[in-house]
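Have a look at the structure below, then the notes.
Chain naming here is simple, since letters A, B, ... match the order of the sequence lines and numbering starts at 1 in each. These numbers come from the heavy atoms of this one structure, side chains and all, not from hydrogens, waters or symmetry mates. All values derive from a computational prediction rather than experimental measurement.
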Number of protein chains: 2
Amino acid sequence: MTITLKDIAKHVGLSVTTVSRALAGYDDVAKGTRQRVRAAAKEMGYYPNITARHLQKQRTDTLAFVVPTPGPRFSDPFFSELLAGIGNEAGRHHFDLLVSTQSPDSEDERETYRRIVHGRRADGVLVVRTRQNDERIRFLSEQSFPFVAFGRSDLGSSFPYVDEDSYAGTQLITQHMADLGHRRIGLVSAPAGLMFCQLRVAGYRDTLRANGLEPDQALIIGGDLTQRGGFQAAQTLLALDPRPTAIIACNDLMALGAMSAAQKLGLVIGQDLSVGGFDDIPLAEHAHPPLTTVRQPIYEIGQRITRMLVQLIQGQLAPETRQDASRSSREGETAAETQVILTPQLIIRDSSGPPPDGG
Amino acid sequence: MTITLKDIAKHVGLSVTTVSRALAGYDDVAKGTRQRVRAAAKEMGYYPNITARHLQKQRTDTLAFVVPTPGPRFSDPFFSELLAGIGNEAGRHHFDLLVSTQSPDSEDERETYRRIVHGRRADGVLVVRTRQNDERIRFLSEQSFPFVAFGRSDLGSSFPYVDEDSYAGTQLITQHMADLGHRRIGLVSAPAGLMFCQLRVAGYRDTLRANGLEPDQALIIGGDLTQRGGFQAAQTLLALDPRPTAIIACNDLMALGAMSAAQKLGLVIGQDLSVGGFDDIPLAEHAHPPLTTVRQPIYEIGQRITRMLVQLIQGQLAPETRQDASRSSREGETAAETQVILTPQLIIRDSSGPPPDGG
DNA sequence: CTGTTAGCGCGTTCAA
DNA sequence: TTGAACGCGCTAACAG
């Protein structure tokens, strides 16, 4: 049997209202009464019914996180890290976290968002891995539902987000390979629909050109961000003649897969072949050899978008900047707080070195 | 503006009650009426308020999963896999999933469980990584709150669970090392409070003895289930003289850390040192070299405990078997469905081989 | 200071 | 076949 306010009221001989206010700590209730009520509540083991409270307060103190996983069986450390950051930060602000995994752009994903928004299942949602023409963002914007994204969008609307500078990040690692003397540098790309994919490929291409190297389409292979995908893409790249002396992958997981593929061929990573990644997941440091990569603070980004979302819900975040450019100069400062771009950092480890025979 | 039943009622000129029943598909409403109502609902973009429904129905269609993470920054593929299985299965049954991460045995963890149970925040919870004298299980049992565990317990109470046979699993891998000719086999253990820890250590010890090897306390090092922990434990083990020729870790993550430590010393895994793990996380297969380990189907276990929990909530699962042993024979069949022990499987890969100099 | 009334949005009696 | 009344548990507005 669960104890309700009514039970307490009956027990202490007061009205439900008074009990409610006594427990809420309102000061329009007699001190003695309050103490009596509180004692009774404690003794009877009272806990407020959270659902009833949500209904009455018209908010759920809940955030939703719909993880865009390609297959049912995902096990991407990237999402783990992000989830850890999100979960802990949500807890700090006394928000519950609703987690769901859905295939990107699937009907199930759309339905999940509709349910959350229209059914008022949560007070806000976290959108990650933004896509070109992202229907999630369009939908949430249309519905004026609170959300914060990890990643930018190509839609016109303006919304709060945190993103890392993918272009600059890929520049860093590509330049690193070029500086080491590599001239045939392969790229394991990501699904083209992802916003960061374009930027990373562009960063790679532009940096090659800046170093007098002409991008070779054969050296760019699509990947699906999984270890297996990196493995397969690397196999394709390493079958080329002449084969690349360096491979850059659009995330660490694929980079690790690429290393396996190379090692299977008997190549020594860092000598026969250099490999670079992106993300700096915890695994990267402990890989063999440790992976040279571009670091983005995933856990902290998870925390940050969560904090921003909570503030947005509580009205503490500057309202979203409009497309209206004329106001942008005056709103420069608030805009800086709601739209953050982080500069990634190159982490050089042992998986990269000079090419085997000087080039 | 959100559309409610009241809005539809006003629009079609009927009572809220009728609208509610029309949408629910009751057959005591005129066919024409039903169609009219449905059309209006669709046109107006009606979605039921989920919170209101929960309150009325006295259930939340929500499961809670409190992940026991030692630190805030966890990134354990084990939990990712489990979460994937749980999340997908929950979705299949139209249950939402509430995820929270809390430090094992902390006050925050206790408070989280109290909130879920007393506040009726969810209809059931999933308990994983069971511990000795597990207060979560005691609490949930006392409160008769629906739960299913991944792992057994040393408390008297009986409850539904799925577990893998840790003892048999460790026997397998220890015997494998012994068969290869290893005589000094180190063990990187797990936090002693975990139920599976005792079993794995026992499986290791007993198998050594069965092979005429006396367990050496110096060869058993505590680990915290993280990669870093495995790294450090392996460093300690490898500093011994003579050092072990094989190391078994209580989970794959530590095994990978141990491989790194060995490789840092210039040892070749599978030749100079054999390493074995436990779990068979996706990473294990793609490690370098691929890790010999004991496989337990984590994803499927996540699915399975979730399915059991849903059935338990819906009253489709046999009631928990009592301690009352006299009935056990008659209830053998139902008990078999609510208390499952899976037999793990040895996966031999390249990280294990004969000891360097024949022993 | 306390109680009455009212309502969050929905589903379920029970009459009509 | 439909509607009025009621309750889920809680909080807020208003009287007294």
[X]/[Y] ion pair, N-O < 4.0 Å:
| X | Y | answer |
| --- | --- | --- |
| Glu142(B) | Arg136(B) | no |
| Asp134(B) | Arg129(B) | no |
| Glu43(B) | Arg38(B) | no |

Contact class for [X] (heavy atom, under 4.0 Å): base, sugar-phosphate, or nothing?
| X | value |
| --- | --- |
| Thr51(B) | nothing |
| Asp28(B) | base |
| Thr4(B) | sugar-phosphate |
| Val16(A) | base |

Ring-plane angle category for His118(B) and Phe139(B), please: parallel below 30°, perpendicular beyond 60°, tilted otherwise.
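Because their plane-to-plane angle is over 60°, the rings of His118(B) and Phe139(B) count as perpendicular.
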
Tell me whether the side-chain N or O atoms of Ser20(A) pair up with the base of dA12(D) as donor and acceptor below 3.5 Å, since no angle test is needed here.
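No such pair is found, so the answer is no.
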
Among [options], find the nucleotide with the atom closest to the side chain of [X].
| X | options | result |
| --- | --- | --- |
| Gln56(B) | dT2(D), dG3(C), dG7(D) | dG7(D) |
| Gln58(A) | dC8(C), dG3(C), dG11(C) | dC8(C) |
| Ser15(A) | dT4(C), dC10(C), dC8(C) | dT4(C) |
| Arg21(B) | dG3(D), dC1(C), dG3(C) | dG3(D) |

Quickly work out the Leu5(B) CG to dT12(C) P distance and round it to whole Å.
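After rounding, the reported distance stands at 12 Å.
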
